[in-house]
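Below: the structure, in structure tokens.
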2 protein chains.
Amino acid sequence: MATSIDGSMMRRLNKTAVFRTIYEGSPISRAEIASSLGMNKATASSLVDELIAEHFVMELGYGESRGGRKPMMLDLNKTSGYSIGIDVQITHITAALYDLSGTILHLHRDALYVRPDASAKEMLVQQLESVIRRTMALAPPSAHGIIGVGIAFPGMVNSSTGQIHYLPNLEVHDWSVHRDLVARLQIPIFVDNDANCGALAERQQRGLKQLAFINAGIGIGVGIIANGELYRGQDGISGEFGHTTIAAMGLRCSCGSYGCWEQYASERALLRYLEEGGTCHIPPFPSANFLEECVLRADAGDPHYIRAFQTVGQHIGYGLSNVINGLNPGYVIVGGNLASAARHIMNEVENVVSYRAVSVNRNVQIVIADPSTVVSGAASLVISSMLLVDVDSLADIRSV
Amino acid sequence: MATSIDGSMMRRLNKTAVFRTIYEGSPISRAEIASSLGMNKATASSLVDELIAEHFVMELGYGESRGGRKPMMLDLNKTSGYSIGIDVQITHITAALYDLSGTILHLHRDALYVRPDASAKEMLVQQLESVIRRTMALAPPSAHGIIGVGIAFPGMVNSSTGQIHYLPNLEVHDWSVHRDLVARLQIPIFVDNDANCGALAERQQRGLKQLAFINAGIGIGVGIIANGELYRGQDGISGEFGHTTIAAMGLRCSCGSYGCWEQYASERALLRYLEEGGTCHIPPFPSANFLEECVLRADAGDPHYIRAFQTVGQHIGYGLSNVINGLNPGYVIVGGNLASAARHIMNEVENVVSYRAVSVNRNVQIVIADPSTVVSGAASLVISSMLLVDVDSLADIRSV
DNA sequence: CGTAGATAGTTTATCATACAAACCAAGTTC
DNA sequence: GAACTTGGTTTGTATGATAAACTATCTACG
């Protein structure tokens, strides 16, 4: 449904633009805000004053003069509120507390106990509630308190309805996790796919308009930032590149298809390569430290492990080239569990991409994500959905 | 660069919203516009009056009463200006004249003569100028005249700079076709990739927010509409799914990679399947009617041709499933030359997608494009870039 | 020093825009 | 034909951004 703009809407948009300018450019003065937004000084001042009254912004003190009166520098009032990010994985759950600036204050990782049966939802929601409550208790008292909780799930999630379609390894289907958690906690809850969270975090951190975040772990998923926004697709399940074919007549996949990327480029695939390579002592799978142990053995020079990682890297490269050629993202961030094996994988990945990417796609930047990227992206669901709105989309309006 | 909104900007946005409401919902009255935009009647009236004064909108006469005074129905003043669309293909060039409503008034198809050598650009620009001038001459006199020309090219194009990166079969590299044509014609020129144009046309026609347009011809490209907007990627070359791998160790491709989709699902691939199948009388390739003749033979029941088309269809299905799983488009439109062989291909395509798409992606709609989709999308580049702006993106703003 | 000029920020008056409410117009329903 | 409904215009008002004048405070420079 289309909407028109009235005065109060205009003011809200402008206030958001001012807040965003401070968020991205602090410390900054009222005068700089006005000039960088092409806005009158009086308007900027008035909006800043409102933001200060609401505790979202604070004055830092006088800055350096540039030939005249000293500017009063502004900054986020970063301790006026907090957000919580949660990263749910198969074997463990990570929770982190952030202030408004996105600075991490606490990070905690617990084992996750979920039997993949009818009790899975109940066990999951109980552990989520518990970890959220514990994290909330860590936040100092503040004007806005806990603004919300963002949760990243490893599977298909509809972020607008807060519904989980399907979490493959936990065997959770069709569950409104949003409803259940709001009922228990009475605070705003945001949910999304883990790869999407990773993509959001990278967008924010690097200020990119197009990127792909590869979440490679037990399975493989992709988060896509297109035109500066997360692309979620028609039903919120875009990015299932793990189930795109890289070998039309290849291995049967659990999804019913053949030759899916994640059959060749995942922890599961690593396990298979190890088995096929006749490796003797393979760590138990899936367990919280399966990959860790494999990396240790490769570090120690075990050729079976080194070869298995290289094969994984090569196949990551095949699928990654597909993502790159299909989406021309400019920037690719590799995250997920397998990113911790980057030193055994990335040479092969880059080698494959260098000859399979077409044209300018060969200039694509490929980098490794920080391990806490997903959890911080989950937290940023809160802040970006409540505080930031993109006004840029209106910049290039032409006349009617 | 961010921007603030002042009063005149607000009015421009609202005027655009009104225009858009008329564009999409005509015939419509002032009162309906106001209520559907949540806008005051007086404001809607005033904006409509401006649009009428500028000849963009006209009054049609009184509509049916709904229990009170009869409404004055409004419509686009569709003959107040015209746009031209051009579809450049390897063997021919299609030009069409449209009014503002997107109704086609003339369609003309010429053979294209371009030697793939140093003279290519010059030959191309000459023929483009000539066909545009001829089409311009067909437009009736009007208030705004020819508003602009949109051109779809079969290759990598940067639409924002008007630069052609590369047209594979015409061997044109790095050419600012925009600059050259503007210099010759002195009217606004818009260029884009053919698959993108197809995607734009389908978005407009079907009112979709997510879709993928498959342009399958000598090569294969994909146009992506994400969140209601064309996704062009970092460098404007997104959608090169033709060069995504569907067989990691497959056939060598001209791009340097192996197993690219378009090696298996294109007119070229059809030719190869025919040769491999030992077919005797194969029509010359590439020629303007290679495919036409193949379709005729398949229609006539020649099993070689039928089998070759089925194989093409199967492989279109593989890559299409990748597009669907990766992008969750909800809607897929198959266009390009090969769409004219739909009756020999689509059974296989749908069969493959039905088991290779995951989850709700199995509900994806797959339809065949009209042959003039690309050329009308090219024309719509003009209208959408000059007349339509998306205000919807502001709808879901939350408080700061 | 002290003054001119520059920069930061506030105050005041003005203007543009959307809005609400009253109003006029012209139909339907009973 | 009276009461009601809907479409559209007119009029007065509130809001918000702006321009311009003004205060405050700094640097530069003679």
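So that the names make sense, note that chain A is the first sequence line, chain B the second, and so on, each numbered from 1. Worth knowing before you read on, the calculation uses all heavy atoms, side chains too, and leaves out hydrogens, waters and symmetry mates.
- Inter-axis angle, ends of the helix from C:dC1-D:dG30 to C:dC30-D:dG1, five pairs per end, rounded to 10 degrees: 10°.
- Residues A:Tyr231 and B:Ile225 come closest through the heavy atom pair OH-O, 4.4 Å.
- Side-chain atoms of B:Arg203 do not come within 3.5 Å of backbone N or O of B:Leu211 as any donor-acceptor pair.
- Residues forming a salt bridge (Lys or Arg N to Asp or Glu O under 4.0 Å) with A:Arg206 (at least two apart in sequence, or on another chain): A:Glu202.
- In this structure B:Ser160 satisfies the side-chain hydrogen bond (donor to acceptor under 3.5 Å, both in side chains) test together with B:Asn158, sequence neighbours excluded.
- In this structure B:Ala378 satisfies the side-chain contact (heavy atoms from CB on, under 4.5 Å) test together with B:Ala152, B:Cys197, sequence neighbours excluded.
- Evaluation of the side-chain hydrogen bond (donor to acceptor under 3.5 Å, both in side chains) rule for B:Ser29 yields B:Glu32 as partners, not counting sequence neighbours.
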Produce the list of close N/O pairs, under 3.5 Å, pairing protein atoms with atoms of nucleotides 22-26 of chain D; give distances to one decimal.
from   : atom 1 : to      : atom 2 : distance (Å)
D:dT25 : O2     : A:Arg69 : N      : 3.0
D:dC26 : O4'    : A:Gly68 : O      : 3.4

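- For the side-chain hydrogen bond (donor to acceptor under 3.5 Å, both in side chains) test, residues two or more places apart in sequence or in another chain that qualify with B:Arg232 are B:Ser159, B:Asp192.
- Residues meeting the side-chain hydrogen bond (donor to acceptor under 3.5 Å, both in side chains) test with B:Ser372, sequence neighbours left out: B:Asp370.
- Residue order along DNA chain D, read from the 5' end via each residue's closest nucleotide, puts B:Met72 first among B:Met72 and A:Arg66.
- A distance-only check finds a donor-acceptor pair linking the side chain of B:Tyr98 to the backbone of B:Ser376 [under 3.5 Å].
- Side-chain atoms of A:Ser46 do not come within 3.5 Å of backbone N or O of A:Ala42 as any donor-acceptor pair.
- Along DNA chain C, the stretch of nucleotides lying under 4.0 Å from any heavy atom of chain B spans, 5' to 3', C:dT17 to C:dT28.
- Looking at B:Ser4, its side chain does come within 3.5 Å of a backbone N or O of A:Leu37 through a donor-acceptor pair.
- Note on residues 57-84 of chain A: pairs passing side chain to side chain donor-acceptor pair (under 3.5 Å), not counting sequence neighbours, are A:Ser26-A:Asp75, A:Arg30-A:Glu59.
- With sequence neighbours excluded, the residues satisfying ring pair (Phe, Tyr, Trp, His ring centres under 6.0 Å) with B:His144 are B:Phe56.
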Atom pairs under 3.5 Å: protein N/O with N/O of nucleotides 14-17 of chain D:
from   : atom 1 : to      : atom 2 : distance (Å)
D:dA17 : OP1    : A:Asn14 : ND2    : 3.2
D:dA17 : OP2    : A:Arg11 : NH1    : 2.5

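- Among the heavy atoms of the strands lying under 4.0 Å from A:Ala42 is at least one base atom, whether or not backbone atoms are also near.
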